[in-house]
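Below: one structure, written as structure tokens.
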Amino acid sequence: MSKRQTAIISKAKRRLAYGINVLIGAIVLIMLFNLFLYARMLIGNDILVTLSASNESINVARGQLADVEFEIKVKNNPFCKAECSFLFEDISNNTLLEQSKFILKSSSPMTKRYTLTPKHLGKGMELYRFTTECKGIRTKLCHTAEQPATRSVIVTLDYTLSDNERSMRENLKEWLEQLLDEANLLVRDKDGLEQTIGELNNKTALIRENLLFKDAEKNNKDVIRGIYRLKEYWDIQDYQRLSAEKDNFTAKMLENRKEIDELNEIVETIRIYYNSIIDRVNKTRERLQLMQKTFITDNGLASRINESIIHFNNLTLEMKKTDSLSAKEVLLSSIEAESINLESEINNSIMREANLRDFENYLNADLLCRLVEKCIEHPAINRTVDLKSSCEMSALINGRIAEINSSENHTNYTEKSMKELELEILQGYLDDAEDPEMVAIIEERINRIVIDDSYVNEILLIEECNQAEFNYEILTKDTPEKAERITAETPDLLIRFEEQGAVCCVFGKCERCCTDECYGEPEKYPVVFIHGHAVSEDVSAEYSLEGLSRMQQKIEENGYVDAGAFSSYHESKENTWSMIPLPVSIRASYYFDVFQEESSSVMTQAKSENIDTYAVRLKEAVDEITARTGREKAKLICYSMGGLVCRRYIQLFTEKKVESLILIGVPNKGVTGKISRLCPVFGGKLECHDLDSESIFINKLNGGAMPNISVYNIVGTGCQMDEGMGDGIVLEESAMLEGAKNFVINSSCKSAIETLHLDLLDTKKYPEVEKIVLKGLGTG
């Protein structure tokens, strides 16, 4: 082989060797790069998702429109793509407005814009939530655990009445209050009418089945139901519907008033008619009572009075048995006519007897006065007193006559002189008499004296009175009382058309928005999730917020509004969520700090601090969250090292802003052994130094008193560690906390990387953890 050939072969071999070396180098570099990317994935530097909204708190008047724009960014391995999805939800109405899937690169953010306008009536607040979830897509150059990262943003839409609605509200309120006054009056009139009818129905059945009342009663109930329906419209501030109901409802009220008035007129007529019967019964009784007391001498009349009393007693008993007013009146008319006729007959008989007796009395008295000058005063001839007085006067005159006739000085008079004297006195009576009956008596006596030749020339005794003696039956007093018109004391309807507060709807349920009264209500305190120790100091702090997202989503099923993650405190948003009538839950981080500049605040990541510093930042987060929610306190759910941050925060700043504390997998007595030695390799040195079980921090933390609040402590165990059993990161004995309610979860670790410590946050694997958390929150 020639030198030239040898040289060519040698050169070719060198080129081949160089190419092989280059190829081997490239393969090694690719392997090292992949190993680097894989290592970064293992320590958590997988995919970072950020979500922002152009405006998280919108204020509009009803009918106005407002735009909000959301921007989604991902940061991951430059060789990776992210598979993402988003949901835009109307939390107020519990409806999904839009959802979609898309592919996103680090260099290409995605934006979505929406136009919002209030869907509800009146004034209040609506809630919207934009949620995005992204995960890396695994390729040869993209090492990813394909674990999803989630971010959410809550947008509040505060709305007030339009000018037209405010004017409409004032007019409607005046009408509704007048309507309520009339409704209360209608109810009282109806109830009074019903009670009056009830009283009448105890006495008569004339209106027991009155259809008009049934209609009026039904219509009255319809009016009351209508008032409550109008109240519901008022409460939800549906002024349009109220306005539409106004004319029809006013007409309905007028119709009901007319029915009540017509029925009242009927009932009043019946009541007056019934009472007139009772009045006539009582008057008949009084008439018979007067007859019983009347001085009579006729035993026949006394017997007839007694018969009428018996008749009256029997008829009143029959009247009680019958419900018919007409039947009552027929029975009454019988005894009424009988008593009137008997009363007239008795009066006439007494009058005739009294007139005859008075004539004899007066004549004898005047004769005695003229003949023997023994005068007895008496009324004028036309004035009859009563039969009893007449009888008493007869007895007096007879006594005088007997006295004169027995006297020794008795003088005899000629017949002529007596006749002439008597005729003279009678003529004087005749001249004075006005009563026809008395005139007839006088004339009859004059004629008899003139014609009768057997006239006795002396003053004769007058016939004695004999009062009728009769034991009358007792008149019954068992007569129904008169029916009174009843005014019902029905209380007013418990309805007030007061100024409505704002209405907030959450998950399809509408209620009054929270105001100051929610400030101190524990069941409405926000829940703050606090993450644990970041595996690597180089990994973005945003990754730490991801671990508790699943548990946060899970407790929303129990009435907590998932407000996503909260890592920045750069501008005041006080009371942004204060109107929400449910508690919100939010993930917060202590790995961020804020620097104030002249016109703005700048947030920066700061992960290389000690736990005391983190506790100060947690105070800023809790202060900001309680300010945003308008609540006095918060409930803390703290994981791993986050539990130490929470405990130290309470120790430094007291529990005045903390309602309860829930600890999950917390190294309450620090970490030891291999975990303690490896911590500074990946994590921040200062926080790892504090985590050590022998550190001053752990000593100070456990040397203080337990806070005076409820503390739930969830401990994982079942994994064999160098120093004993635990959850793979924290020893069981280190996690136990004296003075707290300790709950132990027994399980195992899959590997040194997949530990129980991490799985404690998986509510699917360990639903008992979720139950304990809910119990600690007061909702389990």
Side-chain angles (χ1 to χ4, degrees), residues 203 272-322 324-362 378-395 433-441 444 462-482:
K203 302 168 172 54
I272 292 171
Y273 178 31
Y274 173 81
N275 285 347
S276 70
I277 291 176
I278 301 302
D279 284 338
R280 288 164 63 192
V281 169
N282 292 331
K283 184 170 280 189
T284 300
R285 180 189 292 105
E286 291 171 2
R287 187 179 298 119
L288 290 171
Q289 285 175 337
L290 187 60
M291 290 182 198
Q292 283 180 316
K293 298 175 182 179
T294 301
F295 183 90
I296 59 175
T297 60
D298 189 340
N299 284 327
L301 284 178
S303 177
R304 289 178 61 191
I305 292 173
N306 197 54
E307 289 173 2
S308 292
I309 290 172
I310 295 172
H311 192 196
F312 175 82
N313 289 345
N314 290 336
L315 288 183
T316 52
L317 184 61
E318 289 297 317
M319 287 176 67
K320 286 185 64 178
K321 292 179 179 179
T322 181
S324 170
L325 275 178
S326 57
K328 288 177 187 290
E329 186 173 31
V330 169
L331 292 171
L332 172 63
S333 297
S334 171
I335 185 61
E336 187 179 42
E338 179 183 314
S339 66
I340 290 173
N341 291 334
L342 181 58
E343 181 185 46
S344 176
E345 187 175 343
I346 290 172
N347 289 338
N348 289 336
S349 174
I350 290 174
M351 183 64 68
R352 283 194 303 272
E353 185 177 353
N355 280 339
L356 287 171
R357 187 168 291 280
D358 283 345
F359 171 74
E360 295 292 340
N361 288 339
Y362 299 165
H378 61 80
I381 192 66
N382 287 307
R383 185 180 173 193
T384 297
V385 181
D386 57 64
L387 182 57
K388 185 176 181 181
S389 298
S390 298
C391 289
E392 290 172 350
M393 189 173 182
S394 294
E434 295 176 358
D435 180 53
E437 185 175 348
M438 183 60 74
V439 170
I441 292 172
E444 189 271 333
I462 302 170
E463 184 180 354
E464 293 289 338
C465 288
N466 294 313
Q467 182 179 357
E469 294 182 2
F470 206 93
N471 293 324
Y472 294 113
E473 293 288 332
I474 299 174
L475 269 167
T476 180
K477 295 182 179 179
D478 189 16
T479 305
E481 294 181 356
K482 295 170 70 172

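The model shown is predicted, which means the values in this text are computed figures rather than measured ones.
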**Of all pairs that satisfy salt bridge (Lys or Arg N to Asp or Glu O under 4.0 Å), the ones with a partner from residues 305-317, not counting sequence neighbours** = none

**Request:** For residues 344-357, pull every pair meeting salt bridge (Lys or Arg N to Asp or Glu O under 4.0 Å), keeping only residues two or more places apart or in separate chains.
**Result:** Arg304-Glu345

**Which atom of Gln292 lies closest to which atom of Ile309, heavy atoms considered** = NE2-CD1, 3.1 Å

**Request:** Please check if any side-chain donor atom of Asn466 sits under 3.5 Å from a side-chain acceptor atom of Thr297, or the reverse.
**Result:** no

**Message:** Could you work out, with side chain to side chain contact (heavy atoms under 4.5 Å, CB included) as the rule, every residue matching Val330, not counting sequence neighbours?
**Reply:** none

**Request:** Quick one: list whatever passes side chain to side chain contact (heavy atoms under 4.5 Å, CB included) with Asn347, sequence neighbours left out.
**Result:** Glu343

**Prompt:** For Tyr274, what residues pass the ring-ring contact (aromatic ring centres under 6.0 Å, His included) criterion, not counting sequence neighbours?
**Reply:** none

Can you name the side chain to side chain donor-acceptor pair (under 3.5 Å) partners of [X], sequence neighbours left out?
X      : value
Glu464 : Asn398
Asn282 : Arg285
Thr284 : none
Glu360 : Arg445

**Request:** Under the salt bridge (charged side-chain N to carboxylate O under 4.0 Å, His left out) rule, collect the residues that match up with Lys482, sequence neighbours excluded.
**Result:** Asp279

**Asked** Residues two or more places apart in sequence or in another chain: which of them pass salt bridge (charged side-chain N to carboxylate O under 4.0 Å, His left out) with Glu338?
**Response** none

**Qualifying side-chain hydrogen bond (donor to acceptor under 3.5 Å, both in side chains) pairs, either residue in residues 312-322, two or more places apart** = Lys320-Asp478

**Residues, nucleotides or ligands: over 12 heavy atoms within 6.0 Å of Glu444 CD** = yes

**Item:** Enclosure of Glu392 CD (heavy-atom neighbours >12, cutoff 6.0 Å)
**Value:** yes

